[in-house]
Amino acid sequence: MTVILLAAGLAERMGRNKLLLPFRHTTVLGSVIEAVQGAGCNLLIVTGHERERIEAEARRYSAPTIFAEDYSQGQKWSTMKGIEAVRDDDFAILPGDLPLLKPCDILSTAAMLDEYTIARASYISTPGHPVCFRREHREKLLSFKGTMKEYLSNWEIGHCQASEGCVLDVDTPERYVQATGKAMAGG
């Protein structure tokens with residue numbers, strides 16, 4: 001399994017690069033990288049906005065990166081850049097702003113690919129990340145003209161109950177404070 005970690009966005013709602021904010025002993029992005037590496041998955045980080053700073057953080061973890069030239073056009077372009085780079089492997093899409101994600105969230109969602117061709121982590125009834133795909137979806141996704149939500153609506157998806165970390169992103173200052181408080185409380 002290759003996890004495509006999306007770290008290219010502009011972070012407009014946060015007002016600054018949320019992925020480089022401090023979190024526990026590292027950064028928001030570092031926490032997500034640690035979860036992926038803790039799950040034993042291959043990792044590919046898609047960069048864009050503030051590329052040099054994100055790539056410097058990735059190097060701290062010896063994590064490979066790929067640059068999405070069209071990152072300013074939206075997350076779809078960064079996602080497609082990552083999918084293009086994964087050749088012959090099942091893959092997962094994971095935003096870089098989920099610092100409470102746990103390795104077991106990734107592993108249990110990926111394990112559902114034994115039964116489904118797409119699996120998604122969920123917390124209670126809220127769909128989250130990662131979204132895992134069998135490799136047979138690669139070409140279909142690359143040629144699909146609609147949104148990821150539209151693509152997913154065409155398939156039966158296995159939903160894996162995961163921790164709150166699969167949905168608690170840090171898109172706003174309030175969400176960052178919420179996630180930081182949960183981390184300090186051991187969440």
Side-chain angles (χ1 to χ4, degrees), residues 1-68 71 75 78-79 81-82 86 91-112 119-132 159-187:
M1 165 79 55
T2 297
V3 174
I4 300 166
L5 196 139
L6 303 175
L10 299 171
E12 293 173 309
R13 287 182 282 173
M14 179 63 79
R16 57 186 164 155
N17 197 322
K18 61 188 174 184
L19 300 181
L20 299 174
L21 292 173
F23 197 84
R24 292 184 174 145
H25 62 278
T26 183
T27 61
V28 169
L29 180 61
S31 294
V32 181
I33 293 170
E34 288 176 1
V36 174
Q37 291 178 335
C41 297
N42 296 321
L43 174 62
L44 177 63
I45 300 174
V46 182
T47 67
H49 180 67
E50 295 191 6
R51 172 187 185 180
E52 296 81 13
R53 293 181 68 208
I54 297 294
E55 289 178 356
E57 182 69 2
R59 281 192 297 276
R60 289 184 53 225
Y61 293 91
S62 301
T65 62
I66 186 169
F67 179 62
Y71 71 90
Q75 190 176 67
S78 301
T79 302
K81 185 72 170 184
V86 177
F91 58 94
I93 308 296
L94 180 63
D97 65 351
L98 294 166
L100 292 175
L101 190 74
K102 299 176 181 180
C104 62
D105 296 331
I106 300 166
L107 289 170
S108 54
T109 305
M112 293 193 78
R120 183 169 200 168
S122 297
Y123 178 67
I124 305 174
S125 60
T126 303
H129 288 87
V131 180
C132 301
H159 287 273
C160 176
Q161 288 304 310
S163 76
E164 185 180 17
C166 80
V167 295
L168 185 54
D169 58 26
V170 293
D171 278 346
T172 64
E174 296 77 22
R175 296 281 288 203
Y176 174 66
V177 168
Q178 181 183 3
T180 302
K182 288 183 180 288
M184 291 177 66

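Remember, predicted model here, so these are calculated numbers, not experimental data.
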Check salt bridge (Lys or Arg N to Asp or Glu O under 4.0 Å) between Asp97 and all other residues, then give those that pass, not counting sequence neighbours.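 Counting only residues at least two positions away or on another chain, Asp97 forms a salt bridge (Lys or Arg N to Asp or Glu O under 4.0 Å) with Lys18.
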My understanding is that only residues two or more places apart in sequence, or in another chain, count here; which of them pass salt bridge (Lys or Arg N to Asp or Glu O under 4.0 Å) with Arg59?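 Once residues adjacent in sequence are excluded, Arg59 has no partner under the salt bridge (Lys or Arg N to Asp or Glu O under 4.0 Å) criterion.
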Working note: Lys102 + Glu164, criterion side chain to side chain contact (heavy atoms under 4.5 Å, CB included); need CA distance, chi angles, decisive distance, verdict. CA-CA 9 Å; Lys102 299 176 181 180; Glu164 185 180 17; over 6 Å; no
State, to 0.1 Å, how close [X] and [Y] come at their nearest heavy-atom pair, and which atoms those are.
{"X": "Ile45", "Y": "Ala7", "answer": "CG2-CB, 3.8 Å"}
{"X": "Ala162", "Y": "Asp105", "answer": "CB-OD1, 3.4 Å"}
{"X": "Pro99", "Y": "Arg24", "answer": "O-NH1, 4.3 Å"}
{"X": "Thr65", "Y": "Ala58", "answer": "CG2-CB, 3.6 Å"}

Qualifying residue, where the test is side chain to side chain contact (heavy atoms under 4.5 Å, CB included) with Ser78 and the options are Ile66, Val46, Thr47: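 Looking at Ile66, Val46, Thr47, the match for Ser78 under the side chain to side chain contact (heavy atoms under 4.5 Å, CB included) is Val46.
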So, Ser122 and Gln161: side-chain donor and acceptor under 3.5 Å apart, yes or no?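 Checked: Ser122/Gln161 side chains show no N/O donor-acceptor pair below 3.5 Å.
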Would you please say whether a donor-acceptor pair under 3.5 Å links the side chains of Tyr61 and Gln37?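 No pair is found: no donor N or O on one side chain lies under 3.5 Å from an acceptor on the other.
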Quick one: does any side-chain atom of Arg175 pair with a main-chain N or O of Asp169 as donor and acceptor, under 3.5 Å?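 The answer is yes, because a donor-acceptor pair under 3.5 Å joins these two groups.
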For the side chain of Arg120 and the backbone of His129, is there at least one donor-acceptor N/O pair under 3.5 Å apart?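 Between the backbone of His129 and the side chain of Arg120 there is no qualifying donor-acceptor contact (under 3.5 Å).
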Side chain to side chain contact (heavy atoms under 4.5 Å, CB included) between Leu5 and Leu43, intermediate numbers included: CA-CA 7 Å; Leu5 196 139; Leu43 174 62; 3.8 Å; yes
Show your reasoning for whether side-chain hydrogen bond (donor to acceptor under 3.5 Å, both in side chains) applies to Glu34 and Thr26. CA-CA 10 Å; Glu34 288 176 1; Thr26 183; 4.6 Å; no
Which is it for Leu6 and Gln75 under the side chain to side chain contact (heavy atoms under 4.5 Å, CB included) test, yes or no, and what are the steps along the way? CA-CA 8 Å; Leu6 303 175; Gln75 190 176 67; 3.7 Å; yes
Side chain to side chain contact (heavy atoms under 4.5 Å, CB included) assessment of Leu101 paired with Leu94: CA-CA 10 Å; Leu101 190 74; Leu94 180 63; 3.6 Å; yes
Does Pro22 have any side-chain contact (heavy atoms from CB on, under 4.5 Å) partners at least two apart in sequence or in another chain, and if so, which?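 For Pro22, the residues satisfying side-chain contact (heavy atoms from CB on, under 4.5 Å) (neighbours in sequence not counted) are Tyr176.
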